[in-house]
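Note sheet for the following structure.
Just follow the structure's listing: the first ligand is 1, and inside any ligand the first atom is 1. The model shown is predicted, which means the values in this text are computed figures rather than measured ones.
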Amino acid sequence: PVVALVLAGGTGSRLYPASRSDRPKQFLSLFGEESLLARTIARAREVADEVVVSTCEGYADEVRERAPDAEVIVEPAGKDTGPALAYATYRIRERLGECVVAVLPSDHRVGEGFAEAIRRGARVAARTGRLVTFGVEPTRPDTGYGYLEPGEFRDGFAPVVAFHEKPDAETAREYVAAGHLWNAGIFAWTPEALLAAARDSPLSPMIDALDEGASAAEAFDRVPAVSIDYAVMERTADAVVVPVEFRWDDLGAWDALERVLPADDDGTVAAGDVEVRSLDAEDNVVAADGKHVSLVGVSDLAVVAWGDRVLVVPKDRAQAVRALVDDLKDRD
Ligand code: GDD
Ligand code: MG
């Protein structure tokens, strides 16, 4: 069977202040009626026999409410996708034995052809026992993504010669020029494949703890907070890439809005519940929850007014909001 593992435990810090630790981005309906989580679960059902949602303790009740038919795996601590995926994959293997796990992040917008491509990748994972990544043709040197250097393609996939998570801008430009692909953040693997790679990574103390029958809390205590990309994908020699052609976008930071929402005559892109007046102001992204926002003589900004918070950032610095939120956390 194919099990879709929906990742819904992140805080979405780059979408601050709409996304806050008590109301992360997966629960927001910024891009239409349905939340990102609801949309992800709907497409998970298209590719899988069973849907499992992985989230951390603080969001578990809300996930159960929003996804009453899905199995929910709860992490005792938010330690990023490395521990989350190792733990969930371990539990899935205990319950189901042989299967393919398809990992679906809940912050993507995807277009037609998604389900077919993921099923294709799942078949490669089952047949080869390798860790399957999905490669997207890059359209800009984005620093928010991982980059895959593919080897020679045969039978619809290629070995991953190198994986580079979130390079700086100059390196990203080199990767794009060299023909590397974006890591879509979607994966397919058999539990055996992922757990073998995890044993050879900073996640190994968690696998050992689980083998010894330790509680989830103990297992999480023993590992660092680290994403699967740094913990496993950058190290393993066992990854392959399946190229995909469906429209794909990570709604990770405010600049993503202009890629997925229409702009008005001034180039203004508005999200949420907001009315915008622009005077001599162009190409701004504005998001708010029930507000009237006026812009005069400014361009290329993201302006977000949510609850009692306001954020103003140049669109091309939108990735840096993560650092701001880390800084705010340290002060709390
Ligand atoms: N369960 C759980 N627990 N989920 C988590 C956790 C956690 O501790 N932390 C993050 N997530 C979820 C997020 O909610 C999101 O759905 C998904 O995992 C990915 O996390 P992001 O924080 O959005 O990752 P990213 O976008 O910076 O980077 C990843 O995705 C890119 C493409 O979208 C990497 O895989 C990159 O290499 C990739 O290019
Ligand atoms: Mg993301």
> Taking only heavy atoms of P105, which atoms of ligand 1 are found under 4.0 Å from at least one of them?
Replying inline: 16 (O), 17 (C)

> Is the cationic atom of R23 (NZ for Lys, CZ for Arg) positioned less than 6.0 Å from the six-membered ring centroid of F27 and within 45 degrees of its normal?
Replying inline: no

> Judged by atom type as modelled, is there a donor-acceptor pair below 3.5 Å linking the side chain of R119 to the main-chain atoms of E46?
Replying inline: yes

>> At under 4.0 Å between heavy atoms, is it the side chain or the backbone of H164 that contacts ligand 1, or both, or neither?
In response: neither

> Quick one: nearest non-hydrogen protein atom to atom 30 (O) of ligand 1, plus distance?
Replying inline: G185 CA, 4.0 Å

> Any idea which part of A84 is under 4.0 Å from ligand 1, heavy-atom wise: side chain, backbone, both or neither?
Replying inline: side chain

> For atom 37 (O) of ligand 1, which protein heavy atom lies nearest, and how many Å away is it?
Replying inline: E165 OE1, 2.5 Å

>> Measuring from non-hydrogen atoms of C56 to any atom of ligand 1, is the shortest distance under 4.0 Å?
In response: no

> H180 and Y175: aromatic ring centres closer than 6.0 Å?
Replying inline: yes

>> How far is atom 18 (O) of ligand 1 from the closest protein heavy atom, and which atom is that?
In response: T81 CG2, 3.4 Å

>> Show the atoms of ligand 1 that are less than 4.0 angstrom away from any heavy atom in A184.
In response: 32 (C), 33 (O)

> Atoms of ligand 1 less than 4.0 Å from Y145 heavy atoms?
Replying inline: 32 (C), 39 (O)

> Does ligand 1 have any atom that is closer than 4.0 Å to a heavy atom of R322?
Replying inline: yes

> Minimum heavy-atom separation for V321 to S13, with atom names?
Replying inline: CG1-O, 3.7 Å

> Does F246 have its ring centroid less than 6.0 Å away from the ring centroid of W248?
Replying inline: no

> Which is the closest N/O/S atom of D107 when seen from the Mg ion (ligand 2)?
Replying inline: OD2

>> Tell me which N, O or S atom from D250 is the closest to the Mg ion (ligand 2).
In response: OD2

> Are L131 and V240 close enough that some pair of their side-chain heavy atoms sits under 4.5 Å apart?
Replying inline: no

> At a 4.0 Å threshold, what atoms of ligand 1 neighbour a non-hydrogen atom of S106?
Replying inline: 16 (O)

> Can you find an N/O atom of G78 closer than 3.5 Å to an N/O atom of ligand 1?
Replying inline: no

>> For the residue pair E75 / S54, report whether a side-chain donor-acceptor contact shorter than 3.5 Å exists.
In response: yes

>> I need the nearest protein heavy-atom contact for atom 38 (C) of ligand 1: residue, atom name and distance, please.
In response: N183 O, 3.2 Å

> Going by the atom numbers of ligand 1, which of them fall below 4.0 Å from some non-hydrogen atom of K166?
Replying inline: 25 (P), 27 (O), 28 (O)

>> Is a donor from one side chain sitting under 3.5 angstrom from an acceptor on the other, for D266 and T268?
In response: no

> Between R322 and Y16, do the side chains contain an N or O donor and an N or O acceptor separated by less than 3.5 Å?
Replying inline: no

>> Looking only at protein heavy atoms, which one is nearest to atom 11 (N) of ligand 1, and what is the separation?
In response: G10 N, 3.3 Å

> Among protein heavy atoms, which lies nearest atom 22 (O) of ligand 1, and at what distance?
Replying inline: R14 NH2, 4.2 Å

> Is S106 reaching over with its side chain to a backbone N or O of L7, donor-acceptor style, under 3.5 angstrom?
Replying inline: yes

>> With no hydrogens and no angle check, just 3.5 Å: does a side-chain donor-acceptor pair link Y230 and D80?
In response: no

> Taking it one step at a time, do D250 and R109 satisfy side chain to side chain contact (heavy atoms under 4.5 Å, CB included)?
Replying inline: CA-CA 6 Å; D250 173 302; R109 256 265 289 240; over 6 Å; no

> Touching ligand 1 at all, W248? Heavy atoms, strictly under 4.0 Å?
Replying inline: yes

>> Show the atoms of ligand 1 that are less than 4.0 angstrom away from any heavy atom in D229.
In response: 34 (C), 35 (O), 37 (O)

> Among all protein non-hydrogen atoms, which one is nearest to atom 3 (N) of ligand 1, and what is the separation to 0.1 Å?
Replying inline: E75 OE1, 2.8 Å

>> Show me which atoms of ligand 1 lie under 4.0 Å from any heavy atom of D250.
In response: 26 (O), 32 (C), 33 (O)

> Is there a chain of hydrophobic side chains (I, L, V, M, F, W, Y, each step under 4.5 Å between heavy atoms) that links V136 to Y147?
Replying inline: yes

>> Evaluate T236 against D238 for side-chain hydrogen bond (donor to acceptor under 3.5 Å, both in side chains), listing each step before the verdict.
In response: CA-CA 5 Å; T236 183; D238 220 21; 5.0 Å; no

>> Counting C-beta onward and ignoring hydrogens, is there a side-chain heavy-atom pair between I73 and Y87 closer than 4.5 Å?
In response: yes

> So which bit of K25 gets within less than 4.0 Å of ligand 1, heavy atoms only: side chain, backbone, both or neither?
Replying inline: side chain

> Who's the nearest protein heavy-atom neighbour of atom 21 (P) of ligand 1, and how far?
Replying inline: D107 OD2, 4.2 Å

>> Suppose I only count heavy atoms of T55 and a 4.0 Å limit; which atoms of ligand 1 are within that range?
In response: 1 (N)

>> Any protein heavy atom at under 4.0 Å, with atom 24 (O) of ligand 1 as the reference point?
In response: no

